[in-house]
Amino acid sequence: MIFLTTAIDYPNGSPHIGHAYEKVLTDVLARYHRLCGQKVYFLTGVDQHGQKMVRTAEEQGVNVATLAKKNTKKFTKLLDALSISNDGWAETIDPTHKACVQKILQHLHDDGQLYKKSYQGYYSIRQEQFLTDQERDTDGNFGPEWGEVEERKEENWYFKLSEHTAWLREAMQSNVVGIEPAFRKNEVLNAIEKAESTDLCISRPKERLSWGIPLPFDEDFVTYVWFDALINYISFAGYLKDDDSELPNFEELWPAHLHVIGKDIMVPAHSIYWPCMLHAIGFSDEQMPNLLVHGWWNIRGEKMSKSLGNIVDPMELVDAVGTDAVRYYLARDIVTGKDSDFDTERLFVLFNSEMANGLGNLLNRSLNMTKASLDGKLESYQHDDEECQLVRKSHASLLENFPQKMAEHDLRGALEALVSFITDVNTFAERTKPWELKKDESKRDQLTAVLHHMCESCALASILLQPFLPDAAAKMQGQLNAAHLAELQIKDLQWGLLPAGQTINKPKPVFPRLQAQETD
RNA sequence: CGCGGGGUGGAGCAGCCAGGUAGCUCGUCAGGCUCAUAACCUGAAGGUCACAAGUUCAAAUCUUGUCCCCGUAACCA
C-alpha cells in the first residue's frame, strides 16, 4: 500500500495557489501509483486548532468552531474544483483524532517522555512560543517578526525532544527518514543542533487557549497545535483506532511512502518534531516516513503576499481557465523541490501549445482523417516502413522515460517526455501525408497503417496523461471509443492497445484553446 | 564570515548530485503543408554556461576564492 499525505492546511483564510499546488502534486503521484497497479491511500485535510484560529474568529466576531467549519468548506471545495482523488480526509476537530492524540499523550506521559515545569520568559503571541536568547537579534532585542512580545511566567508540559536528537541525527545521516530533494538535508542537520538543547513545549494553559485537545492527564492544558496536527498522519490512518472504526488498517498503510510538504514546514515540524515524536511513541527505524519537500510559487519574482496584493486565488483561476489547465500548469512549470514563478501568460502558452495545439490537435486530426477516409474503422493492415518504425521507437522510449521521471517525482520531466512523443507523431503525420494517401485507393493499406499509428499513439498518450488530467484523458478515450484503456496499468502498456477493427467515435476538441488574456 | 537557494542565447527555465558534441518552451527570421483546435512540420540566427584560479586527457557540471540577486521578516505551501 502506498500511503501519501499532504500537509493539513490551516483554514484561517482562503486557500491560495500554493495550497492548490501541493494537492495537485500529491494527487498526480497518487493517481500515478494507482496507474502502476499499486493500492494507494491518499490523505489530506485541515488543521483547525491553534491560537491563530481563535484570533481570526475574534477579529471576525464569530465562534471559532463556526469559523473552522466555514473555512474548511473552502478547502473541500478546492479539492473538488481540482479533481483531487483523496481517499481520506483529516479534520483535527474530529473526535477520532482527538481520542488518538490523547492516547498517545497518555502513553508518552506514562512512559516518562513528558514533564511539567514552570518557565518564565519572553513570549511571542504571534508565534505562540517562548523566545530564547537565540531569537534575539544582534542588538539583544526580539525582532519585529515575533510581533508583540511579553514577559510571562507559566507552567507547561514538555516533551523530551532532546533525548531523541542523537538518534535523529543518525537517522537523518543514514536516510532512515528520507528527504527529497537531497539538498534539503543540510538544513535539517543544522537544525538538529538547536533541538539538542531545548525540549518541546507541548501544552498551552486552558485559561488562555481552550481551542484544542485537552491533555488527558492534566485538565488545565490543551495540546500545542503542531503536536496535535502532526498526529493526523497516523490518527486518520487508523493508528490506535477503535474496533468498530471505519478508518483504514494502520498496519497496511504505515509507514507513509511520502509526506508531501512545503519547504516552510520542513524545519522544525516535519524533520525534527515528527520523527522524534514517532521515535518516542515507539516506532522503529523501519517505520519512519519519507518527506517530499516542494518549493513555492512566487509572483514575478516576489513572494506571494496579501500586502503586495498578488495572491493567486485557485478557485478564480479554475473558473477562468478550467481544471485541466490549472492542473497542467502546476505540474508542468515547476521543478519539484524548487521555487518557480507563477505566470498566467506561461499557463496560457504552455497549455495552448502543448495540450491544445499538440496533443489535442493530434487526436483531432487523427480521428477526423480516420472518420473521413476509413469510415471510422481501423482494419488490420500489412504495411510497415521506416516512418512507422520511428513512431514505434519513440513510443518505446516514452514508455521507458516516463516512468523513470515519475519515479523521481519529476512531473515536469515526465510531461516533457510525453510532449516530445506527441511532437514526433505530429512529424510522422507531416511526412507520411495521410491526406494524400487517401486519394489513391491502392494505398489504403498504407493509409490504415499511418492512421493506426496515430490513433495508437493517442491511446498511449491518454493513459499516461491520466494522472495529470484525468478528465481530459477520459474524454480522449471516449473519442477513441476505447474505455478499456482506463483499466490498463503501466506494465500493460505496449504497442497495440487498439485492436484491429477498432472503430472510433466522433472527434471533438478535448482541449479548447484558452482565449486571450483573462479580464482582470 | 548565521542558514539556504540562485546567476545558462531576447524572455522564462532544465542540465550540475553520478565531468565527455549546450537542451527545452516562448519569441524572431525564412520556408513547407493544408487532415486538424488560424493548428502542424522543416530550416536559420542568437550563448566565452556571473568572474577568476585550480583538479583533469576533458569542467555549465568537481574544488577554492570573488562579485551580484532572492528567501530565511507568514499571508504560511
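So you know, we letter chains A, B, ... as the sequences are listed, proteins then strands, and number each from 1.
- Nucleic acid contact for Phe511(A): base, since at least one base atom lies under 4.0 Å from a heavy atom of the residue.
- Base engagement by Gly18(A) is indicated by at least one non-hydrogen atom pair under 4.0 Å involving a base atom.
- Glycosidic conformation of A11(B): anti, with the torsion beyond 90° of 0.
- Considering only the side chain of Arg513(A), U37(B) comes nearest among A77(B), U37(B), U25(B).
- Residue contacts shown for Asn298(A) are absent, as no nucleic acid heavy atom lies under 4.0 Å away.
- With a cut-off of 3.5 Å on both pairing distances, the Watson-Crick or G-U wobble partner of A52(B) is U64(B).
- Here Asp343(A) lies out of heavy-atom contact (under 4.0 Å) with every strand.
- Side-chain proximity of Asn190(A) to A77(B), C3(B), C35(B): nearest is C3(B).
- Using a 4.0 Å heavy-atom distance criterion, Glu302(A) is classed as making no nucleic acid contact.
- Partner assigned to C35(B) is none, using Watson-Crick or G-U wobble distances below 3.5 angstrom.
- Spacing between G32(B) and C70(B) at atom P, rounded to whole Å, works out to 48 Å.
- Residue contacts shown for Arg431(A) are absent, as no nucleic acid heavy atom lies under 4.0 Å away.
- Base-pair partner of C13(B): G23(B) (Watson-Crick or G-U wobble, both distances under 3.5 Å).
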